[in-house]
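No hydrogens, no waters, no symmetry mates; every other heavy atom, side chains included, goes into these values. Just so you know, ligand 1 is whichever comes first in the structure, and atom 1 is the first atom listed for that ligand. Count residues from 1 along the sequence.
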Amino acid sequence: MKVKVCGITRAEDIAALAEIGADYAGFIFYPKSPRFAGDKLSGRTVRETGNGKLEKVGVFVQPDLPTLQRTIADYGLDMVQLYGDFPGEFILEVKKSVKVMKAVSIPESATELPVAGTEAFDFLLFDTAGKGHGGTGKQFDWNLFEGYASEQPYFLAGGIGPGDADALLRWREPHLFAADVNSKFESAPGIKDMRLVEAFIKQIKK
Ligand SMILES: O=C(O)c1ccccc1NCC(=O)[C@H](O)[C@H](O)COP(=O)(O)O
């Protein structure tokens, strides 16, 4: 299983993630997030850090196409994670340069996973719904994956913590592609505790 560590705001954390075997580093380009990377990391720093060992994912909330394309080029992104609603032409245009992942926000009251109409995306990312879109630190009901009704691989996000590695290793649904971790591995928003991240990656990949 792959591991994505989201909400990176420091160059040293990008370098550390590459060394400890993370697969994806996530950078939040949503100015209202306490993990907003746009004013903390330059495009050049993100492009040139990580030894080519990491895929870099930009996280956006309802971006416009020119801003998205400019950020992809400036930061050398490999994939974008999109929150919001997007017409088919928008997705096709973005897919010309990077992989596109749709964030699907799951409210507490959900009785099923809303996967209809998401076929154009390369990946889905299931995350817990909340006021700030992501980084809630809360898990949604994982039982909703029983009878998963899509062929698309997915990232699982939302409140995954250091103690959840065993549950993920026991996960039986075959489309689970990656675990996405964030706030449960921080000492403060945007500041990752790399000892916790390293221990988690070792467990997941043992
Ligand atoms: O983390 C944020 O602040 C954030 C804000 C707006 C949109 C997305 C955001 N995070 C995206 C992620 O991929 C997180 O890893 C995911 O939401 C899980 O976070 P957590 O529940 O803290 O593990």
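- Checking side-chain atoms of Q81 against main-chain N and O of L125 turns up no donor-acceptor pair under 3.5 Å.
- Using a 4.0 Å cut-off between heavy atoms, K184 makes no contact with ligand 1 at all.
- Residue S33 places at least one N or O, backbone or side chain, under 3.5 Å from an N or O of ligand 1.
- With rounding to the nearest 0.5 Å, the separation of CD1 in I201 from NZ in K206 is 14.5 Å.
- From I191, atom CD1 reaches atom CZ of R35 across 10.5 Å, with rounding to the nearest 0.5 Å.
- Ranking the protein heavy atoms by distance from atom 10 (N) of ligand 1 puts I28 CD1, 3.3 Å first.
- Taking every non-hydrogen atom of G159 and a distance limit under 4.0 Å, the qualifying atoms of ligand 1 come out as 20 (P), 21 (O), 23 (O).
- Remark: minimum distance from atom 12 (C) of ligand 1 to any protein heavy atom is reached at C6 SG, 3.4 Å.
- Per-residue contacts place K4 under 4.0 angstrom from the following atoms of ligand 1 (heavy atoms of the residue considered): 13 (O).
- Protein heavy atom at the shortest distance from atom 14 (C) of ligand 1 is N182 ND2, 3.3 Å.
- Between F123 and F177, the ring planes lie tilted relative to each other; the angle falls in the 30° to 60° range.
- By the neighbour-count criterion of 12 heavy atoms within 6.0 Å, atom NZ of K40 is densely surrounded, having more than that number from other residues, nucleotides or ligands.
- A distance of 6.0 Å or more separates the ring centres of F27 and Y75.
- Contact atoms of ligand 1 toward T136: 21 (O), 22 (O) (distance under 4.0 Å to a heavy atom of the residue).
- Among all protein heavy atoms, the one lying closest to atom 2 (C) of ligand 1 is R35 NH1, 3.3 Å.
- Atom 17 (O) of ligand 1 has D127 OD2, 2.5 Å as its closest protein atom, hydrogens excluded (heavy atom only).
- Below 30°, between 30° and 60°, or above 60°: for F145 and W171 the angle between ring planes is above 60°, a perpendicular geometry.
- Counting only heavy atoms of the protein, atom 15 (O) of ligand 1 lies nearest to D180 OD1, 2.4 Å.
- No more than 12 heavy atoms of other residues, nucleotides or ligands lie within 6.0 Å of NZ in K202, so this atom counts as exposed by the packing criterion.
- If you check each of F126, Y83, F140, Y30 against atom 8 (C) of ligand 1, the one with the closest non-hydrogen atom is Y83.
- Between E55 and K4 there is no salt bridge, since no side-chain N of the basic residue sits under 4.0 Å from a carboxylate O of the acidic one.
- Atom numbering of ligand 1 starts at 1 in the shown order; those under 4.0 Å from a heavy atom of Q81 are 11 (C), 12 (C), 13 (O).
- In terms of polar-atom proximity, H133 is not counted as a contact of ligand 1, lacking any N or O under 3.5 Å from an N or O of the ligand.
- Residue contact check: V59 has heavy atoms under 4.0 Å from atoms 8 (C) of ligand 1.
- Counting heavy-atom neighbours within 6.0 Å of E112 CD, excluding the residue itself, gives a total of 12 or less.
- When only interatomic distances are considered, the shortest N/O to N/O separation between G137 and ligand 1 falls below 3.5 Å.
- Geometrically, ligand 1 and G135 share a nitrogen or oxygen pair separated by less than 3.5 Å.
- With hydrogens left out, the protein atom closest to atom 5 (C) of ligand 1 is G132 O, 3.5 Å, a heavy atom.
- Here the heavy atom of the protein found nearest to atom 22 (O) of ligand 1 is S183 OG, 2.5 Å.
- Each of L68, I72, D122 was checked for a side chain to side chain contact (heavy atoms under 4.5 Å, CB included) with V98, and the lone residue meeting it is I72.
- In this structure, T45 contributes its side chain and A11 its backbone to no donor-acceptor pair below 3.5 Å.
- In this comparison of A103, G134, G158, the heavy atom closest to atom 18 (C) of ligand 1 sits on G158.
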